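Okay, so here's the structure we're looking at.
In this text, all values refer to a predicted model and were calculated from it rather than measured experimentally. Below, each value reflects all heavy atoms present in this structure, side chains not excepted, and no hydrogens, waters or symmetry copies.
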Amino acid sequence: MTQALSGAAIAIVIAVFWVLGRPKRTILRSTDTSAIAALNRGQMELVIPADVRLETQRQARIAALPAPSDRRGRLQLLQQLEHSFLKGGLARREAMELCVAWGHRDALPLIRRGLRDADSQVALLAAGAMDSFRGRTSPALAAAQAAKPPRNVSRTR
């Protein structure tokens, strides 16, 4: 029995040395793509206007908004929005634009603060964001109202 175990142990040691001793495959070892990427970025800045670049950056941020079921993502986004809102100026406008694009109920306190903001553009964005919440009831309240029948059911039928 010990001869079989020692043979198996030797086979395992040989297999480990064989796997660790093989040369690693590197793909495109000689090609450094960072210089090419820097050149492409420089050329794109010459061709694409600044407003188009800002719009694509804004759309990329909007696409990265968390789903309503992602609690951690929502909390991180709210902290980021709060931090941007406290900075003021352009950062505050961008935070309000993200609130408008997100359209989640968790952003309502920030939107309400934006309604009283000194910057008129922030106040206009906040008013537009509040329009999307007007007339909407919370899902819990709507479910509670739909579940209860009227008091005099016999008279309504």
Working to the nearest 0.5 Å, report the span between [atom1] of [X] and [atom2] of [Y].
X	Y	atom1	atom2	result
I111	L125	CD1	CG	10.0 Å
H83	L86	NE2	CG	8.0 Å
E82	R113	CD	CZ	4.0 Å
K87	R93	NZ	CZ	14.5 Å
D119	L90	CG	CG	9.5 Å
Q121	E97	CD	CD	8.5 Å

Short N-O contact, D117 and R92, less than 4.0 angstrom: yes

Quick one: closest heavy-atom pair of [X] and [Y], and the distance?
X	Y	result
F85	A95	N-CB, 4.2 Å
M96	L110	CE-O, 3.7 Å
C99	L81	SG-CD1, 3.7 Å

Full working for side-chain contact (heavy atoms from CB on, under 4.5 Å) between H104 and L77: CA-CA 11 Å; H104 198 273; L77 179 64; over 6 Å; no

Candidate list V16, I10, I12, test side-chain contact (heavy atoms from CB on, under 4.5 Å), partner I14, passing option: I10

